[in-house]
There are 2 protein chains.
Amino acid sequence: MTHPALGQVELPDLLHALSDPVRLNIVRCLARDGECACGSFSVSVSKSTLSHHLKVLRQAGLTQTRPDGTLRLISLRRVELDERFPELLESVLSCR
Amino acid sequence: MTHPALGQVELPDLLHALSDPVRLNIVRCLARDGECACGSFSVSVSKSTLSHHLKVLRQAGLTQTRPDGTLRLISLRRVELDERFPELLESVLSCR
DNA sequence: TATATTCTTCGACAGAGGTCGAACGAGGTG
DNA sequence: CACCTCGTTCGACCTCTGTCGAAGAATATA
């Protein structure tokens, strides 16, 4: 559960992470609701698949994870992302 | 060689098309140089692979192709893209 | 300690996708 | 017509990736 420095995340990595409908949905939830526990996402995949998607998002620098008891709380790295990829996340999120 | 209406292009499709380094490089060339012939891209893949990537870009609504003699001239669908996905292409292109 | 909850990891599988060379097709030129 | 150029399509290959269930790790609770 390690987080990459955004300086070493390349644009294709980020776009790939966002190009899956399940992951995009997760990112939208995080943008709307803020910090969320893994189990709080209403996705149509199994627990292990969800964990896989969250790992992809984390490794692409999109999210950060912190443990809280047995939960893992996920949130977007909005400030860092906007510094590394200005306006990108905002424009993605504003698309219907 | 048909072009989709941008209304039926979904955001994940667009992001997936942009998430490959070769394709992203092609898009940057088109943004910088305007209309280009297929053969004018300096990419590190074979002719057939290049053709494949151009097809992905076209089907994602990113580019349009028009024949001119034996050439195919490719260009970005900037206006339509900015209407369907406002500011997205611009923010992608401005990332280093 | 035993049990429950939450999430990750592992192993396996199927499908998608990037790659190439060879063959093909469309359009110009001799 | 023959030939050349540009690009597409086809078939094959291999890697990547999304998916699942089962097992495991970490933490809380009885």
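Keep in mind that the numbers below use all heavy atoms, side chains included, and drop hydrogens, waters and symmetry copies. Every chain is numbered from 1 and lettered A, B, ... according to where its sequence line falls, protein lines coming before strand lines. If you're wondering where the values come from, they're calculated on a predicted model, not measured in any experiment.
Distance CG (Leu73(A)) to C1' (dC7(C)): 12 Å, rounded to an integer number of Å. The distance between atom CG of Leu54(A) and atom P of dT9(C), rounded to the nearest whole Å, is 11 Å. When rounded to the nearest whole Å, the span between CG of Leu57(B) and C1' of dT8(D) equals 16 Å. In this structure, the CD1 atom of Ile74(A) is 14 Å from the P atom of dT6(C), given to the nearest Å. Per the geometry, CZ belonging to Arg66(A) stands 15 Å off P belonging to dT27(D), to the nearest Å. Atom P of nucleotide dT8(D) and atom CG of Leu71(B) are separated by 11 Å, given to the nearest angstrom. The separation between Arg58(B) atom CZ and dT8(D) atom C1' is 9 Å, rounded to whole Å. Atom CZ in Arg72(B) sits about 8 Å away from atom P in dT9(D), given to the nearest Å.
Side chain of Arg72(A) to main chain of Cys38(A): no donor-acceptor pair is present (N/O by atom type, distance under 3.5 Å, no hydrogens or angles). A donor-acceptor distance shorter than 3.5 angstrom exists from the side chain of Arg23(B) to the backbone of His16(B), with no hydrogens or angles considered. No side-chain donor-acceptor contact under 3.5 Å links Ser40(A) to the backbone of Cys36(A). Looking only at distances, a side-chain donor or acceptor of Asp82(A) sits under 3.5 Å from a matching main-chain atom of Glu87(A). Counting only distance, with no hydrogens or angles, the side chain of Arg84(B) and the backbone of Val9(B) share a donor-acceptor pair below 3.5 Å.
Summary of helix geometry: the two end axes of the helix from dT1(C)-dA30(D) to dG30(C)-dC1(D), each defined by five base pairs via their C1' atoms, are inclined to each other by 10° (rounded to 10°).
For the OP1/OP2 pair of dT27(D) and a distance below 4.0 Å, the side-chain nitrogens and oxygens of Thr70(A) include no atom meeting the criterion.
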### Query
Given Thr65(B) and Leu54(B), is the side-chain contact (heavy atoms from CB on, under 4.5 Å) satisfied, shown in steps?
CA-CA 9 Å; Thr65(B) 303; Leu54(B) 292 173; over 6 Å; no

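The two residues His3(B) and Gln64(B) have their closest heavy-atom pair at NE2-CA, 3.3 Å. Taking both residues in full, the closest heavy atoms of Leu81(B) and Leu6(B) are given as N-CD1, 3.4 Å, listed atom of the first, atom of the second, then distance.
Every residue meeting the salt bridge (charged side-chain N to carboxylate O under 4.0 Å, His left out) condition with Arg77(B), not counting sequence neighbours, appears here in chain and number order: Glu80(B).
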### Task
Between protein and nucleotides 10-21 of chain C, map the contacts as a letter string: B base, S sugar-phosphate only, - none, heavy atoms under 4.0 Å, written 5' to 3'.
-------SSBBB

